[in-house]
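Here is the structure we will look at, set down as structure tokens.
Sequence lines set the chain letters: A, B, ... in the order given, protein chains first and strands last, and positions in each chain run from 1. Everything quoted here is computed from the prediction, not taken from an experiment.
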There are 2 protein chains.
Amino acid sequence: MNVDTKGLIIQVATDLFRKKSYLGVGISEILTACNLSKGAFYHHFPKGKEELLITCLYTMNETITNDMKAIFSRHETTVEAIESMLIEVINQYERDEMIIGYTFSSIVSEMGSLSEAVREVCENSYANIEGIYIAKLQADGFSKQMAKELALMINATIEGGIMLCLTTKTSKPLKTVSKLLPNLIKVVE
Amino acid sequence: MNVDTKGLIIQVATDLFRKKSYLGVGISEILTACNLSKGAFYHHFPKGKEELLITCLYTMNETITNDMKAIFSRHETTVEAIESMLIEVINQYERDEMIIGYTFSSIVSEMGSLSEAVREVCENSYANIEGIYIAKLQADGFSKQMAKELALMINATIEGGIMLCLTTKTSKPLKTVSKLLPNLIKVVE
DNA sequence: GTCTATACGGTGATAGAC
DNA sequence: GTCTATCACCGTATAGAC
């Protein structure tokens, strides 16, 4: 019936993992939402739930970096690109009451110490995200060293801001981040 | 035998929750580590695991804010206090390979959308932490409005930095945060 | 490639003895 | 206040029919 069962599982699982965390969602729940049975699942993911998670992380990573690259190519400077990106995240959060990208922190918190494989995928995803910042910052004229440090700061602040949005159930933290983050970049510019 | 069984449970549970996340630890595991049985546990926490978590969060919050207040009273400015605080966190992380405070993000990620009660305790804890920053920033001469925004930024950046430390298994992210965060505060000072 | 049926361990939680 | 025994349920995972 369905052309791409595996794709459906990944899509539904990614959505549920974001909403209810990885450990908070069971395979049965995912399969019920997909209208599929265990047999179908273990055919596509013989190594089970963790294999599914890692696959989800890879596709998330690809989506995020593609989105970011598109935004960053449309703007002159790093500051402008980040402001534009954050506006998009904030709008999406206010619309869906859920942040659907740019963050792997929940997975790291849950699985970072339990699964080395999962931690490495997350580390790699963050490196990709910071890579985009670094390239743009260097184009802005920052030294490679400074660009690296700033990229890390930007990544940390945005991730922290997202987490505070989830904690307070408002978009205010990300709005403040969007307002003050440019100061960090401009001060050394 | 033990003078304070409830305190022991809280202590051991807090430690395990930090190491393996809330959903990743079962009650049985906590009780084995305590050398106790279900009966003892449900005597002290009749409402079960979530009640235990909330109790742990309260004591964590108290410890963190007490530690922070002690550090902040020893230093003249916000920048100095934060630098001192981060040095402590970094040293502790390099010693124990685990961050044992200043962060509720893993709990928020896991339980924020599943339990409103837990989310509210975390929100309150973050408000307490930011309150300490705000008081010091105002003593530095910042306006109330500016102090609030800066406190949020500081909180977000440090939480994000901690999360990146866990992801990369190094203390580098927090070191960079410690180095660059003062720029954010000084630029408007 | 998808189904049904099942195995088996672990979960949170309860009841009742001491 | 702590124990043992037991509960029903859900977790992941497997086997075999179609």
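- For residues 157-176 of chain A, the pairs satisfying salt bridge (charged side-chain N to carboxylate O under 4.0 Å, His left out) are A/E94-A/K175, A/K169-B/E116, with sequence neighbours left out.
- For the pair A/L53 CG and D/dT12 C1', the interatomic distance rounds to 15 Å; values are reported in whole Å.
- Take B/D15 and apply the salt bridge (charged side-chain N to carboxylate O under 4.0 Å, His left out) test, not counting sequence neighbours, and it matches B/K19.
- One interatomic measurement links the two molecules: NZ of B/K6 to P of D/dT2, which rounds to 12 Å at whole-angstrom precision.
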- Starting at the 5' end of nucleotides 11-18 of chain C, put B wherever the base has a protein heavy atom under 4.0 Å, S where only the sugar-phosphate does, and a dash everywhere else. SBBB----
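- Atoms CG (B/L31) and P (D/dG1) sit 16 Å apart, rounded to a whole Å.
- Take A/E76 and apply the salt bridge (charged side-chain N to carboxylate O under 4.0 Å, His left out) test, not counting sequence neighbours, and it matches no residue.
- Taking atom NE2 of residue A/H44 and atom C1' of nucleotide C/dC3, one finds them 13 Å apart after rounding to whole Å.
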Residues 29-44 of chain B, side-chain donor-acceptor partners within the protein, below 3.5 Å, at least two apart:
from	atom 1	to	atom 2	distance (Å)
B/E29	OE1	B/K20	NZ	3.4
B/E29	OE2	B/K20	NZ	2.8
B/T32	OG1	B/S28	O	2.8

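- Phosphate contact (OP1/OP2 of C/dT2, side-chain N/O of A/T5, threshold under 4.0 Å): present.
- Checking the phosphate oxygens (OP1, OP2) of C/dT2, no side-chain nitrogen or oxygen of A/H43 falls inside 4.0 Å.
- Distance B/N35 CG to D/dG1 C1': 16 Å, rounded to the nearest Å.
- Proximity of a side-chain donor or acceptor of B/T168 to a complementary backbone N or O of B/L164 within less than 3.5 Å is detected.
- Evaluation of the salt bridge (charged side-chain N to carboxylate O under 4.0 Å, His left out) rule for B/K6 yields no partner, not counting sequence neighbours.
- Regarding B/D4, its CG atom lies at a distance of 13 Å from the C1' atom of D/dG1, rounded to whole Å.
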